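To start, the structure itself, in structure tokens.
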Amino acid sequence: MGTNESNRPRRRQRTARTAVFVGALATGLLAVAGTSGAGGGRSGEAGLQAVRSLTKKYHDEAAAAAAGYVPTDECVPGMGHHYVNFGLLDDKLQPSRPEVLLFVPTADGGRVLAGAEWIVVDDDQDPSTDADRPSVYGHPFDGPMPGHGPGMPVHYDLHAWAWVDNPAGGFATFNSDIVCPPHEE
């Protein structure tokens, strides 16, 4: 059996996890569009500069893939494409290692790095308590929120739009300037 054949079950499993995650984002995150603060000002710019420093190596999609970020095919309006590193999804906050990279579509059909997202699983899995709310660069995470689909736990998340402007603020959940191309049928 060749290398490609032995990797197929693992690739299918990773693709299935990606599909569940992206489906959860697409169906659930739109419901929280108005809940995130703008996060501007001096601490906002300093935080965004820190995010730029730690993500600049991922402008090349191949570098993101080599670091374990799995690209998604679905573009989420106001967010773009999520490149998820499933090995980082847990209940620990690592400011220097975001769980998700955000890429946005370009006019020529490509994708460019727009920012990062941290996701931290809620310790007690109770959306009514928030004693463990994390923060990065002085910005508290949104949540805790129920999973956005089957299998996704109660969690906190924070978006940082380090590489594109966001009228709502650099740490807002959604970016109204990000438009997904219509699906071709």
Side-chain angles (χ1 to χ4, degrees), residues 21-22 24-25 28-61 63-72 75-106 111-123 127 129-145 148 152-179:
F21 182 82
V22 173
L25 285 170
L29 284 178
L30 293 173
V32 298
T35 65
S36 182
R42 286 198 124 167
S43 67
E45 186 51 42
L48 292 176
Q49 184 56 44
V51 176
R52 283 184 205 105
S53 293
L54 67 95
T55 59
K56 65 184 171 188
K57 60 189 167 201
Y58 300 123
H59 278 284
D60 178 4
E61 287 180 89
Y69 290 94
V70 179
T72 59
C75 183
V76 177
M79 290 185 178
H81 296 272
H82 291 72
Y83 285 48
V84 183
N85 187 324
F86 291 99
L88 299 176
L89 289 172
D90 58 25
D91 61 351
K92 294 169 187 59
L93 173 61
Q94 298 180 56
S96 65
R97 298 185 70 193
E99 288 78 6
V100 178
L101 297 175
L102 301 165
F103 282 79
V104 296
T106 61
R111 297 179 186 177
V112 296
L113 180 64
E117 178 182 357
W118 289 265
I119 299 173
V120 177
V121 175
D122 182 36
D123 283 340
T129 64
D130 67 353
D132 60 339
R133 178 185 307 280
S135 66
V136 170
Y137 308 118
H139 297 275
F141 281 47
D142 293 322
M145 62 190 81
H148 306 303
M152 189 174 188
V154 174
H155 65 283
Y156 297 91
D157 63 34
L158 181 68
H159 296 75
W161 300 101
W163 297 104
V164 298
D165 289 331
N166 185 350
F171 288 89
T173 302
F174 289 91
N175 185 332
S176 61
D177 287 347
I178 297 174
V179 178

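Note that the coordinates shown come from a computational prediction; the quantities given were computed from them, not determined experimentally.
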Nearest heavy atoms of Pro167 and Ser176, plus distance in Å:
CG-OG, 3.7 Å

Under 6.0 Å between the ring centres of His59 and Trp163?
yes

Sidechain-backbone polar pair: His81 side chain, Thr72 backbone, donor-acceptor under 3.5 Å
yes

Can you tell me if Trp118 uses its side chain to pair, donor with acceptor, with the backbone of His159 under 3.5 Å?
no

Tell me, with the steps shown, if Val120 and Phe141 meet side chain to side chain contact (heavy atoms under 4.5 Å, CB included).
CA-CA 9 Å; Val120 177; Phe141 281 47; 3.9 Å; yes

Any chance you could lay out the side chain to side chain contact (heavy atoms under 4.5 Å, CB included) test for Glu99 and Asn85, step after step, and finish with the verdict?
CA-CA 5 Å; Glu99 288 78 6; Asn85 187 324; 5.7 Å; no

Keeping the roles fixed (side chain from Asp130, backbone from Gly143), state whether a donor-acceptor pair exists under 3.5 Å.
no

Side chain to side chain contact (heavy atoms under 4.5 Å, CB included) test vs Ile119 passes for just one of Leu88, Leu89, Leu93, namely Leu89

With a 4.5 Å limit on heavy-atom distance, are the side chains of Val112 and Phe103 in contact?
no

Nearest heavy-atom neighbours spanning Thr129 and Pro144:
O-CG, 3.0 Å

Before giving the answer on side chain to side chain contact (heavy atoms under 4.5 Å, CB included), spell out for Asp177 and Val164 the whole-Å C-alpha distance, their side-chain angles and the decisive distance to 0.1 Å.
CA-CA 9 Å; Asp177 287 347; Val164 298; over 6 Å; no

I'd like to know if the side chain of Arg133 reaches the main chain of Pro140, judged simply by a donor and an acceptor atom lying under 3.5 Å from each other, with no hydrogens or angles considered.
no

Taking atom types as modelled, find out whether Tyr83 and Glu61 have a side-chain donor-acceptor pair closer than 3.5 angstrom.
yes

Look at atom CG of Asp165 and say whether more than 12 heavy atoms of other residues, nucleotides or ligands are closer to it than 6.0 Å.
no

Evaluate Leu101 against Leu113 for side chain to side chain contact (heavy atoms under 4.5 Å, CB included), listing each step before the verdict.
CA-CA 7 Å; Leu101 297 175; Leu113 180 64; 4.3 Å; yes

Which residues satisfy the side chain to side chain contact (heavy atoms under 4.5 Å, CB included) test with Ile178, sequence neighbours excluded?
Val104, Trp161, Asn175

Side chain proximity check, Leu54 to Pro98, heavy atoms < 4.5 angstrom:
yes

CZ of Arg97: more than 12 outside heavy atoms within 6.0 angstrom?
no

Any side-chain heavy-atom pair from Tyr137 and Val51 closer than 4.5 angstrom?
yes

Can you confirm whether Asp122 sits close enough to Tyr156 that some side-chain heavy atom of one is under 4.5 Å from a side-chain heavy atom of the other?
yes

Does the Arg52 side chain pair with the main chain of Ala162, one donor and one acceptor, at a distance under 3.5 Å?
yes

Quick one: sort the Phe171 and His139 rings into parallel, tilted or perpendicular, breaks at 30° and 60°.
parallel

Going by heavy atoms in the side chains, are His155 and Met145 under 4.5 Å from each other?
yes

Would a distance-only check, ignoring hydrogens and angles, find a side-chain to backbone donor-acceptor pair under 3.5 Å from Asp132 to Asp123?
yes

What I'd like to find out is whether the side chain of Pro71 reaches to under 4.5 Å of the side chain of His82, using heavy atoms alone.
no

